[in-house]
Every structure is written in structure tokens, then in C-alpha cells.
Amino acid sequence: MDYISPKEAVLKMKRWPKDPIAAGRRHTVGLKSDGTVTAVGDNKSGQCDVNGWRDMVAVAAGNVHMATNTGNAHTIGLKSDGTVTAVGWNMHGQCDVNDWRDIVAVAAGWRRTIGLKSDGTVVAVGRNNEGECDVSGWHDMVAVAAGDWHTIGLKLDGTVTAVGNNRYRQCNVSGWCDIVAVAAGYLHTIGLKSDGTVMAVGLNKHDQCDVSGWRGIEAIAVGSNHTIGLKSDGTVAAVGWNEYGQCNVSDWRDIVAIAAGCAHTVGLKSDGTLVTVGDNEYGQCDVSGWRGIKLSGK
């Protein structure tokens, strides 16, 4: 019998987060309970061409800030066999994931894709101008998150590491502990603690880091400049940029998973339907007809 170290045993038992919904700059992606995927919104780069996908267990959408000269995006799908599929914008090789194996979680940033392997190491492809793909030395990871120019890794011991752009101190997470989930936006980083409170670093121009009063949070999502928290009672909290109403979630109920795009927010209800608020210029919020979205997000 092959020897497995205690650390490896823990990693094998770890239930990596499997996101059933994802939101990008201009599109929204949903994983259905039968393993197929649906998407709405801008398809200029083919980022919504997911109709043929099968046996998927998680999805991720490349996000990007609101600047007028941006918007191209890509979509990532994690298959049940640990391989990864990608469609959409590939100028920087961010969709070159066909050779990835043993992947248990995926994240998509602007112009890059991050994959977490079952052994706790991390792989990355795409733009690396600011070191945002320098993850080859990472180990013992249990979750990853990708902002526009920085990448976050959550370690098995509840500490956090970061690479990439740190202009607004969005990578200053070395002092964090007892973290159970991480999320990254345009220029800020959010961490969920085991006690249901939330940490934040980075740009706070739109109050997107004003989460110190949050309690009872069990999941987090981050858009470009807004932060969303899913509470244990199925309600949702939001702070940050609200020009498009992307933070107007106070009336949401029975939510079991959340996702945040650049300027829109998506919530998965316990009945498998979706609710959305925010920017809908490209139809990225037109999900009212969706049914059977996967509920076992964790």
C-alpha cells in the first residue's frame, strides 16, 4: 500500500469549493446539475460557447474592470476527471489548459487562468507582466482566487499568500490567519474567517473593503469594485461601488451561492433558480429562465 503522509491525507479529504455560478465583465455562467453549462451575455470572444460541455463540476469566468478599452473575457470549466476546458479570449494563452491534469479548483482573472491541483500545488497560464502567474513555488494550497492583476492562494493552515500587482496593498495578506475562503477584485482582496467575519485589503475608494462589521458570513464573492457576502441565514450583504445597482441585494432570500462580475451580482437560490442585479448592457443578467443550476456548490 502506498504511503500517504498526514498532510496528503488531509489534502485528499479537503472538499475544495466548486463554484456553480460565475460572473465576468459582460457574461454570466451557470453549471447545471446534469454537468452541462449555460451562459448569457457578450459572446464577442466566444466566451459563451459552452453548449457542448459535459461532465463539468465547476465554472469560472474571467473578469475585467470597467475601462472602455477592455471587456474581452474567457470561461473555464473543470471536468469531473480533473481536466480543464476553456473558451473565449486567448490573446495571452489564458485558454491553453488542455494539458492540465488532477485539477480540483479553477479561477479566472483578466488574461489568465489559475488551477489548483489535488496535491496542493498551483498552475497558471496567461499574462504575467506583474508576476501574477508566479505560483510555481506554491504548495499546501486549498483554494485560489484571481483578481485583475494579482493572484491569491489559501493554504491548508488558514494563512494566505499573494503574487502580482500590489500598488494598493491588495497583496498584503501575510498576517491573515484562520481564513477559509478568499476572493479578489480589480484592486482589492477579501478573506473569510472561520468565525464568519471578513478581512479586506486594497483599494477602498468605493468602500468595497468596509466589511469589518460583517458577521455570520459563510461565502464571499468580489466584483471589480464591490464585495458580496452570503450569510448563514440565506440573506446577502454588499458593500462598494453601486452605480449599476449591483449592491442592491438586501431583499434576497434563500440564497445558497453567490458570484460577482465587474458590475453585476448573481445569486443562486435554494430551488436552483437565479437572481441578478446590476449592469445588463450585454444581457448578462438575463437568467430568469434558468433552471436546475447545481446546488451542491461546496
Side-chain angles (χ1 to χ4, degrees), residues 5-22 57-58 60 104-107 114 116-122 135 138-147 150-163 169-185 188-202 204 207-223 226-240 249 252 254-260 265 267-268 270 295-298:
S5 72
K7 183 176 72 180
E8 287 176 314
V10 172
L11 281 170
K12 283 183 180 297
M13 288 176 61
K14 175 72 181 177
R15 298 180 69 193
W16 289 277
K18 298 286 193 293
D19 295 322
I21 51 175
V57 294
V104 293
V106 288
I114 309 295
L116 172 63
K117 300 191 75 170
S118 59
D119 63 0
T121 61
V122 180
V135 296
W138 286 9
H139 55 86
D140 303 334
M141 295 293 165
V142 295
V144 288
H150 69 299
T151 303
I152 305 296
L154 172 61
K155 297 191 75 170
L156 187 62
D157 63 3
T159 61
V160 180
T161 189
V163 291
R169 301 177 295 284
Q170 64 265 41
C171 291
N172 290 5
V173 294
S174 59
W176 288 8
C177 58
D178 299 318
I179 303 295
V180 295
V182 288
H188 74 298
T189 303
I190 302 295
L192 173 62
K193 298 194 73 169
S194 58
D195 65 359
T197 61
V198 180
M199 307 284 291
V201 290
N204 197 32
D207 300 328
Q208 61 263 51
C209 291
D210 291 353
V211 296
S212 59
W214 285 9
R215 299 290 183 273
I217 304 296
E218 63 176 27
I220 51 175
V222 173
H226 71 296
T227 302
I228 306 296
L230 173 61
K231 302 182 81 168
S232 54
D233 64 1
T235 62
V236 180
V239 291
V249 296
W252 285 8
D254 301 316
I255 304 297
V256 296
I258 50 175
T265 304
L268 172 62
S270 58
L295 294 176
S296 53
K298 293 287 186 282

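The first residue of the sequence shown is numbered 1, and numbering continues consecutively from there. Both backbone and side-chain heavy atoms feed into the values below; hydrogens, waters and symmetry mates do not.
Atom CD1 in Ile255 sits 8.0 Å away from atom OG in Ser270 (nearest 0.5 Å). Between the OG1 atom in Thr265 and the CD1 atom in Ile228 there is a gap of 4.0 Å [rounded to 0.5 Å]. If you take CD1 on Ile190 and CD1 on Ile220, they are separated by 6.5 Å, rounding to the nearest 0.5 Å. Here CE of Met141 is found 10.0 Å from CD1 of Ile152. Values are rounded to the nearest 0.5 Å. Atoms NZ and OG1, from Lys117 and Thr121 in turn, are 5.0 Å apart once rounded to the nearest 0.5 Å.
Scanning all heavy atoms of the two residues, the minimum distance from Leu230 to Ile258 falls at N-CD1, 3.6 Å. Between Ile21 and Ala257, the shortest heavy-atom distance links the atoms CD1-O, 3.8 Å. The nearest pair of heavy atoms linking Val239 to Gln208 is CG2-O, 3.7 Å.
Shown here are the side chain to side chain contact (heavy atoms under 4.5 Å, CB included) partners of Arg169, two or more places apart in sequence or in another chain: Asn166, Asn172. Listed by chain and number, the residues in a side chain to side chain donor-acceptor pair (under 3.5 Å) with Asp195 are Thr197 (sequence neighbours excluded).
Residues Val201 and Val173 form a side-chain contact, since some pair of their non-hydrogen atoms from C-beta on lies under 4.5 Å apart. Taking the side chain as every heavy atom from C-beta outward, Thr189 and Trp176 approach each other to under 4.5 Å.
Of the possible donor and acceptor atoms, none in the side chain of Asp140 sits under 3.5 Å from a partner among the backbone N and O of Leu156. No donor-acceptor pair closer than 3.5 Å links the side chain of Thr151 to the backbone N or O of Val163.
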